[in-house]
Protein chains: 2
Amino acid sequence: MAITLKEVAERAGVSRSAVSRTFTDGASVSEKMRRKVEKAARDLGYSPNALASSLTTGRTKLIGLISNNFHNPIFLQVFDLFTRGLQDRGLRPLLVNLSDETDPEASVRMLRQYSVDGAVVASSTLSPEFAKAFRDAGVPVVHSFGRHSSTPQVHVVGIDNVECGRMAARTLVERGYKRIGFLGGPQNATSTQDRFSGFMSELEKVRGLTLSHSFAEAYSFNAGRAEMMRLLGSKPAEAYFCGDDVLSIGVLSAISESGLSVPGDIGLIGLNDMEMAGWQNIDLTTIHQPIRQIVNSSIELMVAMLDEPDRYPEARIFPCSIVERGTLRPLGF
Amino acid sequence: MAITLKEVAERAGVSRSAVSRTFTDGASVSEKMRRKVEKAARDLGYSPNALASSLTTGRTKLIGLISNNFHNPIFLQVFDLFTRGLQDRGLRPLLVNLSDETDPEASVRMLRQYSVDGAVVASSTLSPEFAKAFRDAGVPVVHSFGRHSSTPQVHVVGIDNVECGRMAARTLVERGYKRIGFLGGPQNATSTQDRFSGFMSELEKVRGLTLSHSFAEAYSFNAGRAEMMRLLGSKPAEAYFCGDDVLSIGVLSAISESGLSVPGDIGLIGLNDMEMAGWQNIDLTTIHQPIRQIVNSSIELMVAMLDEPDRYPEARIFPCSIVERGTLRPLGF
DNA sequence: ATTTACTTTGCAACCGGTTGCAAAAATACT
DNA sequence: AGTATTTTTGCAACCGGTTGCAAAGTAAAT
């Protein structure tokens, strides 16, 4: 079906090596030869088979892009940035949806069968061990949005979720809230755990507060809404730090449905600063996570690792910042 | 680095063919041989190189998944469904983000270099010609969410956008709206054109209406909001058919910001029935597009085409239906 | 015009598998 | 037991490329 190198060589009346060389940059080919080969290739509509060449070069330019988060709209942006960034560098994302199974071995095996040059794990919920399985199998890996550790086993690019928790705590205290709640995402997500621990550790330093916490079943609108509905059944807190924006939006919906107002009756702060948080009918005060920077840095790291597979693992942590909108009462009440 | 067939063969003391056969189902291998080889393979941690075998078998199990719509949250669901569906059938999605360039040739070339077994074009804005470029290059292709044509050149799975336009028109007329507007997505998107033509052709049959139309710059919240803001500058229509839900939500935001109410002052009907449309603080009346069915059918079609590449092109059109929520005044005013 | 140095080219082996074919082994039939 | 049939196995060529090496060709230096 497809044209092969051999056919081009025959048509141009040269050896197969010559053809190969004209399509390999850095190889030694005279101008004359190159023109002859290119002409023949053009006539025949030849384009080299990347997979065949990967066999000898050991590079496929395929990068596994692994995620289990196909329900949080913010990940659409993440995929957009990753795919474009990788493409711009001549790399091809092989997408792996982990929503059903979370067995690292199966993914590792599959990606090794396709000889990916590297793997990006884009998930704030998977454990560092997951990413480590790739490293152990000799596949360069970057864990984006992963848990920050002082002794990282794999490259991690993301934010300091513990610090974000503290930041949210300080903000709520500053606004004079006394009865404060944590409404997190799934309890087994590393990001939830870290945000929770940072949030609580900061609040425990302050006297005279009433603290509560609960967890939604997923990072999704419906889960947030359901959990808030439940909380509204008994006496809710004055303000909540919500695990994530999409959760917050569900929470807002529950609050407004029950006839209460934000921030009049209940204050709310989210995390992510997704596009929707800025929509006028939502107007959510939240903590901005620099998605773009995280993705770009992840890609740069991945590219660096292709040349230097045993690069010493590092954690790249980007600062977050509060974006003030309309769901918290103002300073100095 | 990785273990090869040859090493397994040596350890098991058999020929390379024998090893190959134990990993190819349907091949003739005795039980004894199989056990011996599997043992050696397990000891060594061998897993076959899918790309090397693709060289002789001509199958990579790679499927190009091409889209240019990374800003509409509905596509996150589309990607979720596609990736899982393909994975479940042992196929691997190679994701191509077309946001920057729309040159079919470049994508075709790239996907041919990776010898994909097929390509899915998931886009409601790309023209049929785009998908046809794959077919012409001998790559089996399915255009999901593509333009419906009575003489399809490639397999298309989606909805009848013209009919959706008509449906929206009938609904608005039925509710007694007289000044009616079309607020579409980008004018060069095939889905916009078809919805527009259906909508208008139906309305032109009715006497005594005042019609208007305009187009947002993209299928996005901000574009919808901006366009509605502009329309609110002069005298807006009584009701709008909006190109898409995400656009509608932007429109809602603009309306509420300008102090008007929905459906009191302005009625609105969207298209897609994305999850968000059902959120209580949005509550958008819209036309449901059966995403899941479209994706599943696309995958089935693709799988069928892998066995029968020259399958006669067909169009699979799924019916849409109105989902009544709170943005149109009720019947019988 | 030679010799020397560098560039370009083709040969042939290899990457990690698959597969048609014939020999070898196992099984079935007289 | 010997022969016919079926199953299992290995050989060797092939898939579509790359690359080390030596031969051939060019250019520079003497």
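Sequence lines set the chain letters: A, B, ... in the order given, protein chains first and strands last, and positions in each chain run from 1.
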K.L.:
To the nearest Å, give me how far apart NZ (A:K61) and P (D:dT18) are.
P.N.:
12 Å
K.L.:
Protein-nucleotides 14-16 of chain D N/O pairs closer than 3.5 Å?
P.N.:
residue : atom : partner : partner atom : Å
D:dG16  : N2   : A:A52   : O            : 3.3

K.L.:
Could you name each residue pair satisfying ring pair (Phe, Tyr, Trp, His ring centres under 6.0 Å) that touches residues 20-54 of chain B, not counting sequence neighbours?
P.N.:
B:F23-B:Y46
K.L.:
Which residue pairs pass the side chain to side chain donor-acceptor pair (under 3.5 Å) test with at least one member in residues 295-314 of chain A, sequence neighbours excluded?
P.N.:
A:S144-A:S298, A:S297-A:R316, A:R311-A:E314, A:E314-A:R316
K.L.:
Picking from A:V141, A:L65, A:I66, A:V139, what satisfies side chain to side chain contact (heavy atoms under 4.5 Å, CB included) with A:L111?
P.N.:
A:I66
K.L.:
For DNA chain D, find the residues of residues 17-26 of chain B with a heavy-atom distance under 4.0 Å and give them by number; none if there aren't any.
P.N.:
B:S17, B:A18, B:R21
K.L.:
Is any side-chain N or O of A:S30 closer than 4.0 Å to OP1 or OP2 of C:dT9?
P.N.:
yes
K.L.:
Test A:Y219 against A:T125 for side-chain hydrogen bond (donor to acceptor under 3.5 Å, both in side chains), laying out the working first.
P.N.:
CA-CA 10 Å; A:Y219 277 124; A:T125 63; over 6 Å; no
K.L.:
Quick check: are there more than 12 heavy atoms from other residues, nucleotides or ligands sitting under 6.0 Å from CZ of A:R89?
P.N.:
yes
K.L.:
How would you list, by chain and number, every residue that makes a side chain to side chain contact (heavy atoms under 4.5 Å, CB included) with A:T60, sequence neighbours excluded?
P.N.:
A:S54, A:L62, A:S115, A:D117, B:L51
K.L.:
Within this structure, what is the CD-to-P distance between B:E31 and D:dT7, rounded to whole angstrom?
P.N.:
15 Å
K.L.:
Could you tell me which residues satisfy side chain to side chain contact (heavy atoms under 4.5 Å, CB included) with B:K132, sequence neighbours excluded, listed by chain and number?
P.N.:
B:D136, B:Q153, B:V154
K.L.:
Between D:dT8 atom P and B:R35 atom CZ, what is the distance in whole Å?
P.N.:
13 Å
K.L.:
Please list all pairs passing the ring pair (Phe, Tyr, Trp, His ring centres under 6.0 Å) test where one or both residues lie in residues 50-74 of chain A, with sequence neighbours left out.
P.N.:
A:F70-A:F79
K.L.:
Does D:dG17 have OP1 or OP2 under 4.0 Å away from a side-chain N or O of A:T57?
P.N.:
no
K.L.:
I'd like to check the side-chain hydrogen bond (donor to acceptor under 3.5 Å, both in side chains) partners of A:S67; sequence neighbours left out, ordered by chain and number.
P.N.:
none
K.L.:
Please list, for nucleotides 22-26 of chain C, all pairs of protein and nucleotide N/O atoms separated by less than 3.5 Å.
P.N.:
none

K.L.:
Taking side-chain hydrogen bond (donor to acceptor under 3.5 Å, both in side chains) as the definition, give me every residue that meets it alongside A:K6, ordered by chain and number, with sequence neighbours left out.
P.N.:
none
K.L.:
Of all residues at least two apart in sequence or in a different chain, which pass the side chain to side chain contact (heavy atoms under 4.5 Å, CB included) check with A:S30?
P.N.:
A:K32, A:M33
K.L.:
Between A:V157, A:V78, A:N161, which is the residue that forms a side chain to side chain contact (heavy atoms under 4.5 Å, CB included) with A:F145?
P.N.:
A:V78
K.L.:
Five pairs per end, C1' atoms only: what is the angle between the end axes of the helix from C:dA1-D:dT30 to C:dT30-D:dA1, to 10 degrees?
P.N.:
30°
K.L.:
Could you give the CZ-to-P distance, from B:R34 to D:dT7, as a whole number of Å?
P.N.:
16 Å
K.L.:
Report the distance from atom CZ of B:R59 to atom P of C:dT19, rounded to the nearest whole Å.
P.N.:
12 Å
K.L.:
Ignoring hydrogens and angles, state whether a donor on the side chain of A:N68 or A:S123 is under 3.5 Å from an acceptor on the partner side chain.
P.N.:
yes
